[in-house]
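Everything on this sheet refers to the single structure shown next.
Owing to the predicted nature of the structure, the values given are computational and were not obtained by experimental measurement. Positions are given from 1, in the same order as the sequence printed here.
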Amino acid sequence: MSEDPSSSGRPCCIAVEDAVVAHRHDMALRGVSFRVCEGEFVGVIGPNGAGKTTLLTVINGLTRLSRGRARVLGIEPHRCGGHRLRSRIGYVAQVERVDPRLPITVRETVTAGAYGRLGWFRRPGRTERRRVDEALDLVGVSHLAHRPVGHLSGGEYQRAAIARVLVQRPDIFLFDEPTASIDPHSQRAILDLIQRIHADSGTTALFVTHDLATLPAACERLVLMKEGAIWREGARTDM
């Protein structure tokens, strides 16, 4: 990974250069250049349709560029099929609706995070089971471990989702509107949890939102997007 002289010499772990993502009738990204250094907590803000989620899918190796380059953790996503990269990235999306009849428990959901590192054909061992216990305890859902995941509230579901990526032990966290569609009290609890995890781990994090009020206090730099392009970026204190 290269050095970014603008960020106190910290290694650059995400570099997107002149990225264009074009669909049949529109452009989701328009010449976006974007860098994130190791350990940074960056907020990406903009209205719906601004290109925020598309940028995350490029970083996560799920969207191919029409033009430009991307390099994440030293890997060009489109050259490795994305799987090797995604095993090192923890992704937390908006609350999803889960069929309450689905017989998958919270513990099983969190345990799934171990397969990113293990591979799908290896059973989690004692070490992974201990990490699951620790993650459930850290996010405050140990008492829900045997509850079907479809029976959780929005805030409980997001805690379980965060526990899953903690078990994965990612090098980068991607948070895509993680507090959308949950009540204000749960929003604050999730933001406090994300901030505490970043303070303890120092893991690089991107937090996408359309609402400045939902950014964790730990976010040190902001990137404002509009109509598929970066409109402005800088330190949070300067915005």
Hydrophobic cluster membership, Val36 vs Ile75, 4.5 Å side-chain cutoff
yes

Salt-bridge criterion met for Arg169 and Glu134 (N-O under 4.0 Å):
no

Does this structure show an ion pair linking Arg71 with Glu76, if we count only N-O contacts that are shorter than 4.0 Å?
yes

Nearest heavy-atom approach of Ile194 to Pro216 is CG2-CG, 4.2 Å

How long is the span from the CZ atom in Phe41 to the CD1 atom in Ile197, to the nearest 0.5 Å?
9.5 Å

Is it true that a side-chain atom of Arg159 and a backbone atom of Val139 form a donor plus acceptor pair closer than 3.5 Å?
yes

Does Glu108 reach the side chain of Val106, with side-chain heavy atoms less than 4.5 Å apart?
no

Is Val44 linked to Val20 within one hydrophobic cluster, defined over Ile, Leu, Val, Met, Phe, Trp and Tyr using a side-chain heavy-atom separation of less than 4.5 Å?
no

Following the transitive rule for hydrophobic clusters with a side-chain heavy-atom cut-off under 4.5 Å over Ile, Leu, Val, Met, Phe, Trp and Tyr, establish whether Phe175 and Leu62 coincide in one cluster.
no

Would you check if the side chain of Thr105 reaches a backbone N or O of Arg147 as a donor-acceptor pair within less than 3.5 Å?
no

Less than 4.0 Å between a side-chain N and a carboxylate O, is that true for Lys52 and Asp176?
no

Carboxylate-amine/guanidinium proximity below 4.0 Å for Arg236 and Glu220
no

Can you tell me how far NE2 of His210 sits from CG of Asn48, rounded to the nearest 0.5 angstrom?
6.5 Å

Taking it one step at a time, do Val167 and Tyr115 satisfy side-chain contact (heavy atoms from CB on, under 4.5 Å)?
CA-CA 9 Å; Val167 171; Tyr115 290 104; over 6 Å; no

Side-chain heavy-atom pair Leu206, Ile14 within 4.5 angstrom cut-off
yes

Return the CG to CG distance between Leu174 and Leu56, rounded to the nearest 0.5 Å.
5.5 Å

For a 4.5 angstrom cut-off between non-hydrogen side-chain atoms, does Arg131 reach Thr127?
yes

Quick one, Leu215 and Leu191 - any side-chain contact, counting heavy atoms below 4.5 Å?
no

With no hydrogens and no angle check, do the side chains of Asp211 and Thr214 hold a donor and an acceptor under 3.5 Å apart?
no

Could you pull out the closest heavy-atom pair between Ile230 and Ser33, with the gap in Å?
CD1-O, 3.4 Å

Please check this pair: side chain of Ser142 against backbone of Asp137, looking for a donor-acceptor N/O pair closer than 3.5 Å.
yes

Let me confirm one number: the CD1-CE distance from Ile45 to Met225, rounded to the nearest 0.5 Å.
12.0 Å

Looking only at atom types and distance, does a side-chain atom of Glu17 sit under 3.5 Å from a main-chain N or O of Arg69, one as donor and one as acceptor?
no

Does a sphere of radius 6.0 Å around NE2 in His146 hold more than 12 heavy atoms from other residues, nucleotides or ligands, not counting ones at 6.0 Å or beyond?
no

If you compare all heavy atoms of Gly90 against all heavy atoms of Pro170, which two are closest, and at what distance to 0.1 Å?
N-CB, 3.3 Å

Backbone N or O of Ser87 within a donor-acceptor pair of the Gln168 side chain at under 3.5 Å?
yes

Could you check whether any side-chain heavy atom of Asp171 comes within less than 4.5 Å of a side-chain heavy atom of Ile89, counting everything from C-beta outward?
no

Ignoring hydrogens and geometry, is there a side-chain-to-backbone donor-acceptor pair from Gln195 to Ala217 under 3.5 Å?
yes

Quick check: closest heavy atoms across Thr54 and Ala28, and the distance to 0.1 Å?
OG1-CB, 3.7 Å

Heavy-atom side-chain proximity of Glu128 to Thr111 below 4.5 angstrom:
no

Candidate pair Phe173 and Val92, rule side-chain contact (heavy atoms from CB on, under 4.5 Å), full reasoning:
CA-CA 8 Å; Phe173 285 110; Val92 178; 5.6 Å; no

How long is the gap from CD on Glu38 to SG on Cys13, to the nearest 0.5 Å?
6.5 Å

Starting at CD of Glu40, measure out to CZ of Arg35 and round the result to the nearest 0.5 Å.
10.5 Å

Minimum side-chain heavy-atom gap Leu85-Ile59 below 4.5 Å:
no

Can you hop from Leu29 to Met27 via hydrophobic side chains spaced under 4.5 Å?
no

Between Gln158 (side chain) and Gly155 (backbone), is there a donor-acceptor pair under 3.5 Å?
no

Quick one: does His151's side chain have a donor or acceptor within less than 3.5 Å of a partner on Pro100's backbone?
yes

Linked, directly or transitively: Leu102 and Tyr157 (ILVMFWY side chains, under 4.5 Å)
yes

Would Thr57 and Asn60 satisfy side chain to side chain donor-acceptor pair (under 3.5 Å), going step by step from the backbone distance to the final call?
CA-CA 5 Å; Thr57 61; Asn60 211 12; over 6 Å; no

Neighbour count >12 (heavy atoms, 6.0 Å) for atom NE2, His143
yes

Is any NZ, NE, NH1 or NH2 atom of the basic residue among Glu227 and Arg30 found under 4.0 Å from an Asp or Glu carboxylate oxygen of the other?
no

Quick one, Leu222 with Glu233, criterion side-chain contact (heavy atoms from CB on, under 4.5 Å). Give me CA distance, side-chain angles, the key distance, then yes/no.
CA-CA 5 Å; Leu222 301 183; Glu233 63 179 306; over 6 Å; no

How close do Pro77 and Val72 get, heavy atom to heavy atom, and via which atoms?
CG-CG2, 4.2 Å

Closest non-hydrogen atom pair between Ala19 and Leu65, with its separation:
CB-CD2, 3.7 Å

Taking Arg86 for the side chain and Gly61 for the main chain, is one N or O donor matched with an acceptor at less than 3.5 Å?
yes

Test log, rule side-chain contact (heavy atoms from CB on, under 4.5 Å), inputs Leu55 and Phe34:
CA-CA 9 Å; Leu55 178 60; Phe34 176 72; 4.2 Å; yes

